[in-house]
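As structure tokens, the structure follows; a few thoughts come after it.
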Amino acid sequence: MSKSTYTRRATLLGLGASLATPSVLRAQSTDAFPQNEPAIRDQIPVNRNISAFAQQRWQDHFEELGVGCILADIDSRALHYWAGDGETYRLFPSSVPLTEDLTKRGYTEVVRKRENPSWTPTASMRERDPSLPIRMDGGETGNPLGTRAMYLTWPAYLIHGTHDTRKIGRQSSSGCIGLYNQHVEELFNLVKVGTQVRLL
């Protein structure tokens, strides 16, 4: 086979793959993500930084750093963390509650931390979906708390990981703030019990 023949064949194969890709992407996006969220163009614009998250400063939300501060920004679907050393800062994309009724806002704090947490659906969750199990052990396939969890003073409200990466950046939780597992593991190692938390 001559070099020119090989080049033409490779070009045609590449063109065919390119033409097929949009339909594949459309099928994946329809299957993977909910279609009932309002279009971004219809939402009120906010000032954003280059990461596409609304900029935040801990001083605008907390009187002091203490052992650290976490701001879960429901609108921009981002979690901000500032350590007590005044230098360490992290910013992570997050999932947020499905509805305003499920959203709790205000101040709380981290009261305990768990690796590979078990999950017990609340009564209201089981009422909405009777097929949910009574309990799932930590590390079990499908456990919605992922690999790490930080529990707040509010019962049943957590900051946790998720194995379902489609949820991040979307309205997809029953009230908790979810992070990619790799991000929640990084945050878990930084956060101390007593860290202040605000859900905004």
Side-chain angles (χ1 to χ4, degrees), residues 34 36-38 43-44 46 53-83 89-114 117-130 132-136 138 143-181 183-188 190-200:
N36 57 356
E37 286 190 25
Q43 298 180 15
I44 298 171
V46 295
F53 296 125
Q55 282 187 305
Q56 300 289 348
R57 299 179 337 125
W58 73 263
Q59 295 92 336
D60 296 332
H61 303 281
F62 303 94
E63 292 183 2
E64 59 182 6
L65 271 172
V67 298
C69 302
I70 291 174
L71 174 71
D73 187 341
I74 304 296
D75 292 335
S76 67
R77 303 173 190 181
L79 182 143
H80 305 256
Y81 169 75
W82 299 270
Y89 170 75
R90 297 290 187 275
L91 173 61
F92 303 113
S94 71
S95 65
V96 298
L98 280 164
T99 65
E100 191 61 34
D101 288 343
L102 294 170
T103 302
K104 194 170 181 71
R105 299 176 192 268
Y107 289 90
T108 179
E109 68 178 56
V110 175
V111 292
R112 61 189 174 101
K113 302 163 50 176
R114 289 289 182 272
S118 61
W119 177 59
T120 303
T122 63
S124 59
M125 288 179 192
R126 287 179 55 76
E127 185 178 338
R128 288 194 302 271
D129 184 358
L132 290 176
I134 294 174
R135 183 180 185 276
M136 292 186 77
N143 184 320
L145 300 187
T147 59
R148 301 289 187 275
M150 286 155 277
Y151 297 77
L152 309 177
T153 57
W154 301 329
Y157 281 85
L158 296 75
I159 297 168
H160 62 79
T162 180
H163 298 296
D164 188 350
T165 57
R166 298 172 301 174
K167 292 184 174 183
I168 303 303
R170 295 193 169 272
Q171 294 172 288
S172 57
S173 82
S174 293
C176 297
I177 302 298
L179 303 175
Y180 289 117
N181 279 328
H183 289 166
V184 81
E185 289 168 15
E186 180 182 353
L187 182 65
F188 186 93
L190 294 169
V191 166
K192 297 179 180 178
V193 170
T195 292
Q196 307 167 82
V197 179
R198 183 182 187 189
L199 271 68
L200 174 66

Subject >> Any donor-acceptor pair under 3.5 Å from Lys113 side chain to Phe188 backbone >> reply: yes

Original post:
Taking Leu79 as the fixed residue, which of Val96, Asp73, Leu71, Ile159 is the one that meets the side chain to side chain contact (heavy atoms under 4.5 Å, CB included) rule?
Top reply: Ile159

Original post:
Any idea how His80 and Trp82 line up, ring-wise: parallel (<30°), tilted (30 to 60°), or perpendicular (>60°)?
Top reply: parallel

Original post:
Can Ile177 and Ile74 be said to form a side-chain contact (heavy atoms from CB on, under 4.5 Å), step by step?
Top reply: CA-CA 9 Å; Ile177 302 298; Ile74 304 296; 3.9 Å; yes

Original post:
Who are the side chain to side chain donor-acceptor pair (under 3.5 Å) partners of Arg90, not counting sequence neighbours?
Top reply: Glu186

Subject >> N/O donor-acceptor pair under 3.5 Å between Gln196 side chain and Glu64 backbone >> reply: yes

Subject >> Pair Asn143-His163, side chain to side chain donor-acceptor pair (under 3.5 Å): steps then yes or no >> reply: CA-CA 8 Å; Asn143 184 320; His163 298 296; over 6 Å; no

Subject >> Between CZ on residue Arg77 and NZ on residue Lys167, distance to nearest 0.5 Å >> reply: 14.5 Å

**OP:** Determine yes or no for a side-chain-to-main-chain donor-acceptor pair under 3.5 angstrom, with Tyr107 supplying the side chain and Phe62 the backbone.
**Re:** no

Original post:
Would you find more than 12 non-hydrogen atoms of other residues, nucleotides or ligands less than 6.0 Å from Glu127 atom CD?
Top reply: no

**OP:** Could you check Glu185 against Leu179 for side-chain contact (heavy atoms from CB on, under 4.5 Å), going step by step and ending with a plain yes or no?
**Re:** CA-CA 9 Å; Glu185 289 168 15; Leu179 303 175; over 6 Å; no

Original post:
In Å, rounded to the nearest 0.5 Å, how long is the span from CG of Leu152 to OH of Tyr157?
Top reply: 10.0 Å

**OP:** State the CG-NE2 distance between Leu91 and His183, to the nearest 0.5 angstrom.
**Re:** 9.5 Å

